[in-house]
Amino acid sequence: MASRLLHRHIREQLKDLKEVTHESLVVGAIENAFQLMDEQMARERCGHQVEGGCCALVVIYLLGKVYVANAGDSRAIIVRNGEIIPMSQEFTPETERQRLQLLGFLKPELLGSEFTHLEFPRRVLPKELGQRMLYRDQNMTGWAYKKIELEDLRFPLVCGEGKKARVMATIGVTRGLGDHNLKVCSSTLPIKPFLSCFPEVRVYDLTQYEHCPDDVLVLGTDGLWDVTTDCEVAATVDRVLSAYEPNDHSRYTALAQALVLGARGTPRDRGWRLPNNKLGSGDDISVFVIPLGGPGSYS
């Protein structure tokens, strides 16, 4: 639903701009479009049986600038003359811990009697009541000690690390579209209040640099980035594109395919494996490659 309709919301919001006097107007139009898409999903989820949710990573080219909007754990990078320029950040329970904790602190009814907004290094045990333990709240980046009270025995709002981090022990991404019906397992507590549909939007001015045919914008879902670093992607960009003539547009399709196949790995006795023998990605691997320079480019 998002892939079919989100770009229409963005187009309508941009059409409402009489003139683009500042890039913040475009950013605001994109943010508003994401919210309208989420609201449409909420309205139509019953009649059309729209369940679940999704991340969204969007690129808009307008008046010499590229706008990259990300809500979720996908990622976009520009590889320019070998240099890596991040164009997004992932939104996970770890990266948004303080926002989530602040909401839990301000609206404790969202936590019910099951969760605490505080974070501890590990799950607090009943026998530790009255003892001192490290903790942190919505205002803290470091850790401090507190005396353990009864409420601290509740399950933490944010728990786990890395790919295992979860909000309310349920979902591992904190921004996206949909998920209006998502509830905590064996509970009636909704998780949607903690999930934001608003993207982060980053802007790249194409006119400030003379781009060559090997300069590209790479978009990928978490299936790519779970097993591939930015530097490895940049190395693949250089290896694949250098094997093609600069005016051969199939070079960009070949690059996208190489990134997908590289993240998937090859079948072996113990599953799909990468060259380092680690497991290949078990998640969705979707990749877009957008050239930024060369014949017929924007530059």
Are Glu94 and Arg97 close enough, and set up right, to give a salt bridge (charged side-chain N to carboxylate O under 4.0 Å, His left out), and what steps lead you there? CA-CA 5 Å; Glu94 284 188 307; Arg97 173 187 62 82; over 6 Å; no
Can Tyr204 and His211 be said to form a ring-ring contact (aromatic ring centres under 6.0 Å, His included), step by step? CA-CA 12 Å; Tyr204 179 80; His211 297 87; 5.7 Å; yes
Which is it for Arg99 and Gln138 under the side chain to side chain contact (heavy atoms under 4.5 Å, CB included) test, yes or no, and what are the steps along the way? CA-CA 7 Å; Arg99 178 183 73 79; Gln138 67 278 1; over 6 Å; no
Apply side chain to side chain contact (heavy atoms under 4.5 Å, CB included) to Trp225 and Asp73, showing your working. CA-CA 9 Å; Trp225 307 108; Asp73 56 1; over 6 Å; no
For side chain to side chain contact (heavy atoms under 4.5 Å, CB included), just list the numbers for Val66 and Ile60, CA-CA rounded to whole Å, side-chain angles, deciding distance to a tenth of an Å, and then say yes or no. CA-CA 6 Å; Val66 170; Ile60 297 101; over 6 Å; no
Worked verdict on Leu110 versus Leu189 for side chain to side chain contact (heavy atoms under 4.5 Å, CB included): CA-CA 7 Å; Leu110 295 177; Leu189 284 176; over 6 Å; no
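Here the closest heavy-atom approach between residue Leu17 and residue Ala29 is recorded as CD1-CB, 4.5 Å. For Arg4 against His7, the heavy-atom pair with the smallest separation is O-CE1, 3.0 Å. Residues Ala56 and Leu177 approach most closely at CB-CD1, 4.1 Å, considering heavy atoms. The two residues Pro93 and Gly172 make their nearest non-hydrogen contact at CD-O, 3.2 Å. Across Leu129 and Leu150, no two heavy atoms sit closer than the pair CD2-N, 3.5 Å. Of all the heavy atoms in Leu219 and Ala76, the pair that sits closest is CD2-CB, 3.4 Å.
Ring orientation note: the planes of Phe105 and His117 are tilted relative to one another, at an angle of 30° to 60°.
At a threshold of 4.5 Å between non-hydrogen side-chain atoms, the residues Met133 and Arg122 count as touching. Between Ile10 and Leu14 there is a side-chain heavy-atom pair separated by less than 4.5 Å. By the 4.5 Å heavy-atom criterion applied to side chains, Gln35 and His9 are not counted as neighbours. Between Val201 and Val68, every side-chain heavy-atom pair lies at or beyond the 4.5 Å cut-off. Taking 4.5 Å as the limit, every side-chain heavy atom of Leu224 sits out of range of all side-chain heavy atoms of Asp222. Between Tyr67 and Glu23, some side-chain heavy-atom pair lies under the 4.5 Å cut-off. Contact check for Arg132 versus Lys146: no side-chain heavy atoms found under the 4.5 Å cut-off. A 4.5 Å side-chain heavy-atom check between Ile171 and Phe194 finds every atom pair outside the cut-off.
Inspection of the Glu151 and Thr116 side chains reveals no N or O donor paired with an N or O acceptor under 3.5 Å. Donor-acceptor pairing under 3.5 Å is lacking for the side chains of Arg75 and Asn70. Side chains of Glu44 and Gln40: a donor on one and an acceptor on the other come within 3.5 Å. No side-chain N or O of Thr95 forms a donor-acceptor pair with one of Gln89 less than 3.5 Å apart. In the model, Ser281 has no side-chain atom that pairs as donor or acceptor with a side-chain atom of Asp283 under 3.5 Å.
Put simply, CG on Leu261 and OG1 on Thr236 are 11.0 Å apart, with the number rounded to the nearest 0.5 Å. From Leu206, atom CG reaches atom CG of Leu63 across 11.5 Å, with rounding to the nearest 0.5 Å. Put simply, CD1 on Ile148 and CG on Leu153 are 7.5 Å apart, with the number rounded to the nearest 0.5 Å. Note that CZ of Arg264 and CZ of Arg273 are 15.0 Å apart. Values are rounded to the nearest 0.5 Å. Atom OH of residue Tyr145 and atom CG of residue Leu134 lie 4.0 Å apart, to the nearest 0.5 angstrom. A distance of 8.0 Å separates CZ of Arg154 from CG of Leu111, quoted to the nearest 0.5 Å.
Salt bridge status for Glu200 with Arg202: present, with a side-chain N to carboxylate O gap under 4.0 Å. Under the 4.0 Å criterion applied to side-chain N and carboxylate O atoms, Glu232 and Arg239 are not assigned as salt-bridge partners. By the 4.0 Å N-to-carboxylate-O rule, Asp152 lies too far from Lys147 to be salt-bridged with it.
With a 6.0 Å cutoff to the six-membered ring centre and a 45° limit on the axis angle, Arg175 counts as a cation-pi contact of Phe91. A cation-pi contact links Arg80 to Tyr209, judged by a cut-off of 6.0 Å to the six-membered ring centre and 45° from its axis.
Checked by atom type and distance alone, the side chain of Asn81 never pairs as donor or acceptor with a backbone atom of Glu83 at under 3.5 Å. Without hydrogens or angle criteria, Glu128 side chain to Leu125 main chain gives a donor-acceptor distance under 3.5 Å. In this structure a side-chain-to-backbone donor-acceptor pair under 3.5 Å is missing from Lys192 to Lys183. Under a 3.5 Å cut-off, the side chain of Asp215 and the backbone N or O of Gly293 do not form any donor-acceptor pair. Using a distance-only test at 3.5 Å, with no hydrogens or angles considered, no donor-acceptor pair links the side chain of Asp238 to the main chain of Ala235. Listed for the Thr92 side chain is no donor-acceptor partner under 3.5 Å among the backbone atoms of Val173. Counting only distance, with no hydrogens or angles, the side chain of Thr174 and the backbone of Glu96 share no donor-acceptor pair below 3.5 Å. Between the side chain of Asp179 and the main chain of Gly53, a donor-acceptor pair closer than 3.5 Å is present. Counting only distance, with no hydrogens or angles, the side chain of Thr170 and the backbone of Met168 share a donor-acceptor pair below 3.5 Å.
Within 6.0 Å of the CD atom in Glu161, the count of heavy atoms belonging to other residues, nucleotides or ligands does not exceed 12. Dense packing is recorded around CZ of Arg43, with more than 12 heavy atoms of other residues, nucleotides or ligands lying under 6.0 Å away. Taking a 6.0 Å sphere around CZ of Phe288, one finds it holds 12 or fewer heavy atoms contributed by other residues, nucleotides or ligands. The number of heavy atoms from other shown groups lying within 6.0 Å of NZ (Lys163) is above 12.
Ile78 and Tyr61 fall within the same hydrophobic cluster, where Ile, Leu, Val, Met, Phe, Trp and Tyr residues are linked whenever their side-chain heavy atoms come under 4.5 Å apart, directly or through other members. The hydrophobic cluster containing Val167 does not contain Phe198, counting ILVMFWY residues as joined when their side-chain heavy atoms lie under 4.5 angstrom apart, directly or transitively. Cluster annotation: Val20 is connected to Val203 through the hydrophobic network of ILVMFWY side chains, with a link wherever side-chain heavy atoms come within less than 4.5 Å.
Partner of Tyr252 under the side-chain contact (heavy atoms from CB on, under 4.5 Å) criterion, out of Val240, Ile290, Val237, Val216: Val216 alone.
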